[in-house]
Amino acid sequence: IIITQSRNVISTLMVGMIFIGCLTKNAKPTLIFLGAIAVIFLAITSLYGQDLTTIFDARLGDQAADIGGFNGRTSLWQMSILHFMNHPLEPLGYFGMLVEFGHTGHNVFITTLIEQGIFGLVAYILFLIDNFSFCMRKIFTKSLSFITKKRMILYLIAMLSILLQLQFEDSNLTAQNIFYQWVFLGLMYLSAYCDLPATEPVRSP
């Protein structure tokens with residue numbers, strides 16, 4: 001992730017690390033992450049003679065336009081919304097944007113809207129609401145152990161970090177959406193159903 005210099009992925013990963021560090025009251029995850037970034041950037045600047053400005057300029061063409069438009073993402077969003085307004089009842093189907101336009105919407109909600117239609121987007125939103133509400137109900141219930149609740153919070157943070165990143169990426173093509181999000185979702189549900197609550201100590205007669 002760090003080597004690809006994807007700024008939104010690095011940012012959301014950093015946010016997740018900070019949340020985990022605060023939740024567990026342990027700064028180690030954040031420090032390890034910062035140390036890894038420092039080592040990689042130091043290696044790049046030492047081996048290739050590049051400074052940090054050069055490294056990030058390589059990810060930008062017209063700097064002012066790219067920074068202001070998230071590397072052209074705002075143009076893609078406008079184009080996608082305009083297409084939906086002109087064809088509100090004609091979804092393109094899964095991967096249809098790649099076939100029709102040569103790119104996706106670089107936003108999970110926009111891509112879902114264009115490819116699966118308004119009903120597909122509503123179903124996806126309801127799916128997310130159901131998952132997050134399930135997690136919150138279990139976190140605030142008294143029937144689960146403290147360790148299980150903390151574990152579910154960690155999985156919830158992971159899913160929210162991925163969801164944040166998917167607002168700027170190809171949702172059909174990124175491993176975060178294709179694989180990791182479902183792994184965290186499965187682990188979250190399993191945590192609730194595999195919990196072993198503490199039992200009352202047996203008193204001697």
Side-chain angles (χ1 to χ4, degrees), residues 1-2 6-34 36-37 70 73-74 77 80-81 84 91 94 104-201:
I1 288 175
I2 297 174
S6 178
R7 288 154 296 169
N8 68 82
V9 179
I10 293 176
S11 300
T12 53
L13 180 60
M14 185 66 187
V15 170
M17 290 293 185
I18 292 174
F19 273 124
I20 291 173
C22 294
L23 179 67
T24 60
K25 297 180 180 180
N26 181 5
K28 185 184 296 184
T30 304
L31 293 176
I32 291 176
F33 178 80
L34 291 175
I37 290 180
F70 297 107
R73 285 173 172 81
T74 54
W77 298 340
S80 301
I81 295 300
F84 174 75
Y94 195 60
T104 69
H106 276 71
N107 178 284
V108 64
F109 294 114
I110 291 178
T111 300
T112 303
L113 176 65
I114 301 302
E115 295 188 346
Q116 311 303 325
I118 187 66
F119 294 108
L121 178 61
V122 170
Y124 178 65
I125 293 175
L126 292 177
F127 174 76
L128 292 177
I129 293 175
D130 181 69
N131 292 329
F132 294 141
S133 62
F134 171 84
C135 186
M136 297 306 295
R137 289 197 307 270
K138 292 298 182 180
I139 289 173
F140 289 102
T141 187
K142 296 182 179 179
S143 62
L144 296 181
S145 65
F146 174 76
I147 296 298
T148 297
K149 291 180 181 180
K150 180 176 288 189
R151 187 182 299 120
M152 292 187 69
I153 292 174
L154 293 176
Y155 294 141
L156 179 62
I157 290 172
M159 290 191 296
L160 287 174
S161 297
I162 291 174
L163 184 62
L164 176 62
Q165 186 241 338
L166 290 176
Q167 306 312 307
F168 302 92
E169 292 293 340
D170 289 313
S171 57
N172 293 339
L173 304 175
T174 57
Q176 290 88 339
N177 184 53
I178 298 171
F179 181 71
Y180 297 118
Q181 189 177 36
W182 303 105
V183 171
F184 289 127
L185 178 64
L187 290 172
M188 184 193 74
Y189 274 94
L190 287 174
S191 296
Y193 290 108
C194 296
D195 181 55
L196 296 176
T199 58
E200 291 285 339

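Given the structure is predicted, the values throughout are model-derived calculations rather than measurements. The analysis underlying the following values was restricted to heavy atoms, covering all of them including side chains, and did not include hydrogens, waters or symmetry mates. All residue numbers refer to positions in the sequence shown, counting from 1.
- Here the straight-line distance linking atom CG of Leu154 with atom CG of Leu187 works out to 11.0 Å at 0.5 Å rounding.
- For the atom pair Ile139 CD1 and Ser191 OG, the distance stands at 10.5 Å (nearest 0.5 Å).
- Under the 4.5 Å side-chain criterion, counting only non-hydrogen atoms from C-beta, Met152 is in contact with Leu144.
- Two residues are said to be in side-chain contact when any heavy atoms from C-beta on lie closer than 4.5 Å; His106 and Trp77 meet this criterion.
- In this structure, CZ on Phe168 lies 10.5 Å from OG1 on Thr74, to the nearest 0.5 angstrom.
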| task | Assess whether side chain to side chain contact (heavy atoms under 4.5 Å, CB included) is satisfied between Lys138 and Lys149, documenting all intermediate values. | result | CA-CA 7 Å; Lys138 292 298 182 180; Lys149 291 180 181 180; over 6 Å; no

Check: residues 109-117 side-chain donor-acceptor pairs under 3.5 Å, at least two apart:
from   : atom 1 : to     : atom 2 : distance (Å)
Thr111 : OG1    : Gly105 : N      : 3.2
Thr111 : OG1    : Asn107 : O      : 2.9
Thr112 : OG1    : Val108 : O      : 2.6
Glu115 : OE1    : Phe95  : N      : 3.2
Glu115 : OE1    : Asn172 : ND2    : 2.9
Glu115 : OE2    : Phe95  : N      : 3.4
Glu115 : OE2    : Gly96  : N      : 3.4
Glu115 : OE2    : Met97  : N      : 3.3

What donor-acceptor contacts under 3.5 angstrom involve side-chain atoms of residues 122-137, with partners at least two apart or in another chain?
from   : atom 1 : to     : atom 2 : distance (Å)
Asn131 : OD1    : Tyr189 : OH     : 2.9
Asn131 : ND2    : Phe127 : O      : 3.1
Ser133 : OG     : Ile129 : O      : 2.8
Ser133 : OG     : Asp130 : O      : 3.0
Ser133 : OG     : Arg137 : NH1    : 3.4

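- Note that the CD1 atom of Ile118 and the CZ atom of Phe84 stand 5.0 Å from one another [nearest 0.5 Å].
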